[in-house]
Amino acid sequence: MNQPNRIDSWLLQDDEKPLTITEDPKIPNAATVLLRKQDHTLGNMIRAQLLLDPTVLFAGYKVPHPLENDIIIKIQTDERSNPADALKRACHLLIRQTVHIKQQFMDQAKNIEMGMGPDQALAGVNNGNYDPYSDGLGREGNTIVGGQVRDNNQTDVYDF
């Protein structure tokens, strides 16, 4: 068959670098970034995150050929930053957002396993403290926040 092996389009060779940054000699504070073995998913995420950075003047990406899984990202920044630092900041923020989304997903999965609806979050309005009654009051030790002191031997049916 004339089709290339699918695994070869995503795995890097031993001597192949995943990222290459080249300064643009004609435009100040501009660079071209080549990401190998990636597609539109990562390219669009990085471009969108770069555009949220106030030091970035321009960010765009393209896939040079539909049969090659490479991305070319063009970045131009103002004098307060350089393209490599802007890319690094954007990637760090994307990683933090991804970890946060994963944690939200795990919390929702835990809620469903416990028999609660997906709209009842484990981490409520209460700085991440578990609120079993979903009333927004939460608990701190033996005191119901905004309420009376509880006895240590008094337990609630729904207290976990």
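Everything numeric here is computed off the predicted structure, so don't read it as measured data.
- Take N44 and apply the side chain to side chain donor-acceptor pair (under 3.5 Å) test, not counting sequence neighbours, and it matches R47.
- From L87, atom CG reaches atom CD1 of I21 across 5.5 Å, with rounding to the nearest 0.5 Å.
- Note on M45: it does not cluster hydrophobically with L93, by side-chain heavy-atom contacts below 4.5 Å among ILVMFWY residues.
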> Please walk me through it: do D53 and L50 pass side-chain contact (heavy atoms from CB on, under 4.5 Å)?
Replying inline: CA-CA 5 Å; D53 190 339; L50 281 166; 5.6 Å; no

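- Q103 is linked by a side chain to side chain donor-acceptor pair (under 3.5 Å) to D107, counting only residues two or more places apart in sequence or in another chain.
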Under 3.5 Å, sequence neighbours excluded: what are the donor-acceptor pairs made by side chains of residues 59-68?
from	atom 1	to	atom 2	distance (Å)
Y61	OH	H40	ND1	2.9
H65	ND1	L67	N	3.0

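- Evaluation of the side chain to side chain contact (heavy atoms under 4.5 Å, CB included) rule for Q97 yields Q49, L94 as partners, not counting sequence neighbours.
- A side-chain contact (heavy atoms from CB on, under 4.5 Å) with L35 is found for one member of I46, D70, N69, I72 and no other, namely I46.
- Clustering ILVMFWY residues whenever any of their side-chain heavy atoms sit less than 4.5 angstrom apart, transitively, puts I73 in a cluster other than the one holding I27.
- Nearest heavy-atom pair across D24 and K26 is OD1-N, 3.1 Å.
- The 12-atom threshold is not exceeded at CD of E23, counting heavy atoms of other residues, nucleotides or ligands nearer than 6.0 Å.
- Note that NZ of K110 is 8.5 Å distant from CE of M114, once rounded to the nearest 0.5 Å.
- A search for side chain to side chain contact (heavy atoms under 4.5 Å, CB included) contacts involving T20 returns T22, L34, R36, not counting sequence neighbours.
- Linking ILVMFWY residues whenever their side-chain heavy atoms come closer than 4.5 Å, directly or via other members, leaves L51 and I71 in distinct clusters.
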Report, one line per pair, each donor and acceptor closer than 3.5 Å where one atom sits in a side chain of residues 74-81; sequence neighbours left out.
from	atom 1	to	atom 2	distance (Å)
K74	NZ	T32	OG1	3.3
T77	OG1	S81	O	3.0
D78	OD1	R80	N	3.2
D78	OD2	R80	NE	2.9
D78	OD2	R80	NH2	2.7
R80	NH2	P54	O	3.2
S81	OG	R89	NH2	3.1

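- Side-chain contact between Q104 and Q108 is absent, with no heavy atoms from C-beta onward closer than 4.5 Å.
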